[in-house]
Amino acid sequence: MKALIIGKNIMFKQIVKNVFKENDSLSFEENIEMALENENLLKYDFIGACIDYKNRGGDIGDEGDLLELFSYVKEMNKENIFFIVSNKYSAKLEKKILNYEKAEYTSRLDIPDIVEMRLEKLLEYHKNRVLVVKDIVYDLDNNTVNKGGKNIELTKNQMVILQIFMENPNKIVPRKYIIDRIWDCDIEKTNTLNVEMCRLRKKLGEGKTYFVNVKGIGYKFYEK
């Protein structure tokens with residue numbers, strides 16, 4: 001896992017080092033501004049931040065700026081895990097960060113054991129996530145798709161589409177749900193989705209029927 005840690009708090013940095021494994025890649029930035037300048041910002045799987053309200057000189061920046069950074073990264077890479085620690089409770093932070101599917105917030109920086117436990121649970125819950133349907137294996141953590149023992153190169157949108165179907169085998173998935181999940185807008189994207197579906201079908205192989213059109217609704221992905 002590639003992780004970016006934002007903040008100067010020494011104790012938080014040590015907690016992170018204790019929890020992550022040797023084969024994980026850790027990068028550190030002192031504040032939000034420096035994080036935004038990090039050329040690998042969109043390549044991180046995990047972004048953690050520590051806001052030290054008691055030490056203005058060590059603070060990472062405005063809460064709003066941090067949330068904007070998270071929002072930007074999530075928009076570009078929907079698979080990120082977010083973790084915020086502070087030493088003062090913020091209802092704004094809690095409300096916003098918990099809107100993300102894979103996120104955790106704690107204001108108990110004063111109790112390192114709690115921070116470490118929350119971080120461990122967050123990572124444990126989201127690690128080693130592998131979807132298997134028919135002969136397709138989708139490793140969500142490494143963003144790889146394998147079919148019949150061979151890797152399949154998919155675009156970012158195609159990966160999201162495939163994940164949606166593999167998480168909902170044998171269920172009808174409405175077009176609108178897919179469009180909202182990928183583009184998150186009101187713009188008509190039906191034709192674009194049709195193109196993506198056509199290309200995805202070809203990459204998965206035309207010899208087998210994976211997707212079936214459900215007229216007027218969407219698609220169904222057959223597990224058997």
Side-chain angles (χ1 to χ4, degrees), residues 1-4 23-25 38-47 69-82 98-103 122-224:
M1 179 177 287
K2 292 175 64 66
L4 174 64
N23 58 342
D24 292 319
S25 173
N38 189 313
E39 60 182 13
N40 294 314
L41 179 59
L42 298 179
K43 297 181 181 179
Y44 292 105
D45 309 298
F46 173 97
I47 298 181
L69 182 147
F70 278 20
S71 178
Y72 167 69
V73 172
K74 178 176 172 56
E75 180 182 348
M76 302 303 291
N77 180 5
K78 294 179 170 58
E79 295 306 313
N80 284 89
I81 300 173
F82 300 111
L98 294 183
N99 281 333
Y100 297 127
E101 180 184 354
K102 296 185 290 184
L122 178 66
L123 294 176
E124 181 68 27
Y125 181 75
H126 294 290
K127 78 173 185 179
N128 297 328
R129 298 173 306 128
V130 177
L131 300 174
V132 181
V133 177
K134 289 188 175 180
D135 58 344
I136 302 173
V137 179
Y138 186 171
D139 185 332
L140 296 171
D141 290 317
N142 295 308
N143 274 326
T144 59
V145 174
N146 183 292
K147 177 180 176 290
K150 296 181 179 180
N151 288 329
I152 305 295
E153 294 295 329
L154 302 178
T155 66
K156 184 177 177 180
N157 286 344
Q158 290 164 6
M159 297 282 270
V160 176
I161 293 172
L162 183 61
Q163 179 181 347
I164 291 172
F165 285 114
M166 292 185 73
E167 289 176 340
N168 298 279
N170 302 317
K171 296 179 182 178
I172 297 175
V173 179
R175 285 173 173 269
K176 187 179 185 307
Y177 176 81
I178 303 172
I179 291 172
D180 288 346
R181 177 90 173 261
I182 298 175
W183 291 285
D184 192 24
C185 65
D186 297 326
I187 300 174
E188 180 56 51
K189 290 285 186 179
T190 299
N191 290 336
T192 306
L193 177 58
N194 289 341
V195 172
E196 292 286 11
M197 287 297 299
C198 181
R199 291 173 177 170
L200 179 58
R201 278 174 161 147
K202 288 182 178 179
K203 289 182 178 180
L204 292 179
E206 297 177 323
K208 289 187 177 181
T209 300
Y210 292 100
F211 305 99
V212 175
N213 290 328
V214 180
K215 190 175 180 180
I217 302 177
Y219 302 92
K220 192 172 184 178
F221 183 78
Y222 282 99
E223 184 176 15
K224 297 181 180 180

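Given the structure is predicted, the values throughout are model-derived calculations rather than measurements.
Only one option out of Y72, F70, F46 pairs with F82 in a ring pair (Phe, Tyr, Trp, His ring centres under 6.0 Å); it is F70. Exactly one residue among V173, N213, I172 makes a side-chain contact (heavy atoms from CB on, under 4.5 Å) with K220. That residue is I172. With L200 as the partner, the side-chain contact (heavy atoms from CB on, under 4.5 Å) test is satisfied by one option alone out of N157, L154, V195, I152: L154.
Under the 4.5 Å side-chain criterion, counting only non-hydrogen atoms from C-beta, L41 is in contact with I47. Side chains of L162 and L204 form a contact here, defined as non-hydrogen atoms less than 4.5 Å apart. At least one side-chain heavy atom of I161 sits less than 4.5 Å from a side-chain heavy atom of I182. Residues T155 and E196 form a side-chain contact, since some pair of their non-hydrogen atoms from C-beta on lies under 4.5 Å apart.
The distance from atom OG1 of T144 to atom CD of E153, rounded to the nearest 0.5 Å, is 9.5 Å. The distance from the NZ atom of K203 to the CD atom of Q158 is 4.0 Å, given to the nearest 0.5 Å. Between the NZ atom in K147 and the CG atom in D135 there is a gap of 5.0 Å [rounded to 0.5 Å]. The distance from atom SG of C198 to atom CG of L193, rounded to the nearest 0.5 Å, is 11.5 Å. Here CG of N80 is found 10.0 Å from OH of Y100. Values are rounded to the nearest 0.5 Å.
For L131 against E167, the heavy-atom pair with the smallest separation is CD1-CG, 3.8 Å.
Y177 pairs by the ring pair (Phe, Tyr, Trp, His ring centres under 6.0 Å) definition with nothing, not counting sequence neighbours. By the side-chain contact (heavy atoms from CB on, under 4.5 Å) test, N40 is found to be paired with N38, K43, Y44, residues two or more places apart in sequence or in another chain being considered. With sequence neighbours excluded, no residue forms a ring pair (Phe, Tyr, Trp, His ring centres under 6.0 Å) with Y219. Here K176 pairs with D180 under the salt bridge (Lys or Arg N to Asp or Glu O under 4.0 Å) rule; sequence neighbours left out.
The backbone N or O of K2 lies less than 3.5 Å from a partner atom in the side chain of D45, making a donor-acceptor pair.
Applying the ring pair (Phe, Tyr, Trp, His ring centres under 6.0 Å) definition to pairs two or more places apart or across chains, those involving residues 139-170 are F165-F211. A ring pair (Phe, Tyr, Trp, His ring centres under 6.0 Å) check over residues 129-164, counting only residues at least two apart or in different chains, returns nothing.
In the model, R175 has a side-chain atom that pairs as donor or acceptor with a side-chain atom of N194 under 3.5 Å.
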